[in-house]
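Numbered from 1 within each chain, the chains take letters A, B, ... in sequence-line order.
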Number of protein chains: 2
Amino acid sequence: MAAAPRRAGRPRNPVPRERLLDVARDAFAELGYAGASMNEIAGRAGIRKSSLFHHFANKDALYLEAVGATLAPLGVEVVAAATGDGDFGARLDRLGEAVSGYLGANPQAARLLVREVLDRGPFVVGDGRGAVEALLVTIRDFLAAGMSDGAILRQDAEHLTLSIIAVHLFYFAAQPLAEPLVGADLFTQDAVAMRMSAVSRQIRALVGVPVLQ
Amino acid sequence: MAAAPRRAGRPRNPVPRERLLDVARDAFAELGYAGASMNEIAGRAGIRKSSLFHHFANKDALYLEAVGATLAPLGVEVVAAATGDGDFGARLDRLGEAVSGYLGANPQAARLLVREVLDRGPFVVGDGRGAVEALLVTIRDFLAAGMSDGAILRQDAEHLTLSIIAVHLFYFAAQPLAEPLVGADLFTQDAVAMRMSAVSRQIRALVGVPVLQ
DNA sequence: GTCTATACATCGATAGAC
DNA sequence: GTCTATCGATGTATAGAC
């Protein structure tokens, strides 16, 4: 005989909104906006699709909140590093370590953010555009100030900004390319520490910080 | 009264297979694999969805061929530059110019290839994986040989390989971020020429080619 | 080689029970 | 706050006319 149909009822195991955002972030990062269905996200969180719609008005709202929650801490750290204490070299190192630390601690963050750029999503062409543009300008101005001060070589500040972002994001976003090449899990504590030192060295070379011999 | 229904019949305007691949490449680059439907691609090419299925067995086959056709010329140029004539610096410059030239001449190429990496598609985890891994190893070995020869600074060759790829791909893939920042269309002849010189300078700094003053 | 028509699954979203 | 059930639109893919 057929199994008794599951009945609706009071929630015995309510899922916190934060948990839903974490699950959505991972799903969007892995499958993309179009590929991650509301049903898939709900299933990963252990609830039904219609329950997910109770927390978020529609798929766009869920995506916006998930990406926003990923981008915001990164923006805070970048601004803090760029406008913080110390000479240019120290602030440059702090910026690189903060970004690599965040991306290394949140394995799907870089992948999600690169997807947002490729998809020309709300943080690139929509309402969240201002926040991202301001972040880009912050980095650009930070680098341009370093050139004016003679801390780094004079060069095209805009191309330099884009390359620094590229180096930071691509490494973690391209995990299945990077892992066989470096021969290790990218997201272990050791690997992230190694990444920090490698990327710090690369960025110093890229911007042209005079090397003291 | 209702319009007479369109009738099937002999093709009056057959669409070449190459044209279908170009259209598919652009659609997959703009919308992603999941976001680009067979109906959308067929519509862009001016035919019906079922006509598209006459040329390609299924969506996967179309995607595989479209990405393969984009990746192959790039692989050829990279190998030619890395194993070609001239000293290390000349080959490094040639590699950068070949890649930027190709990505600048094919506006959706970088975006498609970065998507393939994020999606962990057939060229990253599937049957085409060998070709991409061989390409990565070619670049890595080229750089490692430069270190052994003393042409560039000794450093982590794997992280360096990934950063060079990142710099090349991200700039063109992130068009809506790059264009307002550099203040110009990325794909004009002038902009591509400027990009070539900026990226050449950056890569030389990154790898640590001794600068002759 | 293109078309019309259709089969069947899954999509985002809603209604209403508990 | 979760559930069942359902809607209409769209997804991949196929059958068969011309």
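- A straight line from CG of B:Leu31 to P of D:dG11 spans 11 Å, rounded to a whole angstrom.
- Taking atom CZ on A:Arg48 and atom P on D:dT4, their separation rounds to 4 Å, with Å as the unit.
- Listed pair A:His55 / D:dT2 meets the phosphate criterion, a side-chain N or O lying under 4.0 Å from OP1 or OP2.
- Taking the ring axis of A:Tyr33 as reference, the NZ or CZ atom of A:Lys59 stays within 45° of it and closer than 6.0 Å to the ring centre.
- One atom, NZ of A:Lys49, and another, C1' of C:dC11, lie 7 Å apart when rounded to the nearest Å.
- Between A:Phe28 and A:Tyr63, the distance from one ring center to the other falls under 6.0 angstrom.
- Nucleotide D:dG11 holds its C1' atom 15 Å from the CG atom of B:Leu62, rounded to whole Å.
- Atom CE of A:Met38 is separated from atom P of D:dA9 by 20 Å (rounded to the nearest Å).
- Ring-centre distance between A:Phe187 and A:Phe172: below the 6.0 Å cut-off.
- Counting to the nearest Å, the P atom of C:dT14 and the CZ atom of A:Phe56 are 15 Å from each other.
- In this structure, the nucleotide among C:dT14, D:dC3, D:dA13 sitting nearest to the side chain of B:Phe53 is D:dA13.
- Residue-environment remark: CE (B:Met196) exceeds the threshold of 12 foreign heavy atoms within 6.0 Å.
- Note on B:Ser51: every side-chain N or O is 4.0 Å or more away from OP1 and OP2 of C:dG1.
- Atom CG of A:Asn39 is separated from atom C1' of D:dT4 by 14 Å (rounded to the nearest Å).
- OP1 or OP2 of C:dG1 has at least one side-chain nitrogen or oxygen of B:His54 nearer than 4.0 Å.
- When rounded to the nearest whole Å, the span between CG of A:Asn58 and P of C:dT14 equals 8 Å.
- Distances shorter than 4.0 Å separate none of the side-chain N or O atoms of A:Ser37 from OP1 or OP2 on C:dT10.
- At least one donor-acceptor pair closer than 3.5 Å links the side chain of B:Glu116 to the backbone N or O of B:Phe123.
- Close to C:dC3, at under 4.0 Å from its OP1 or OP2, lies no side-chain N or O of B:Ser50.
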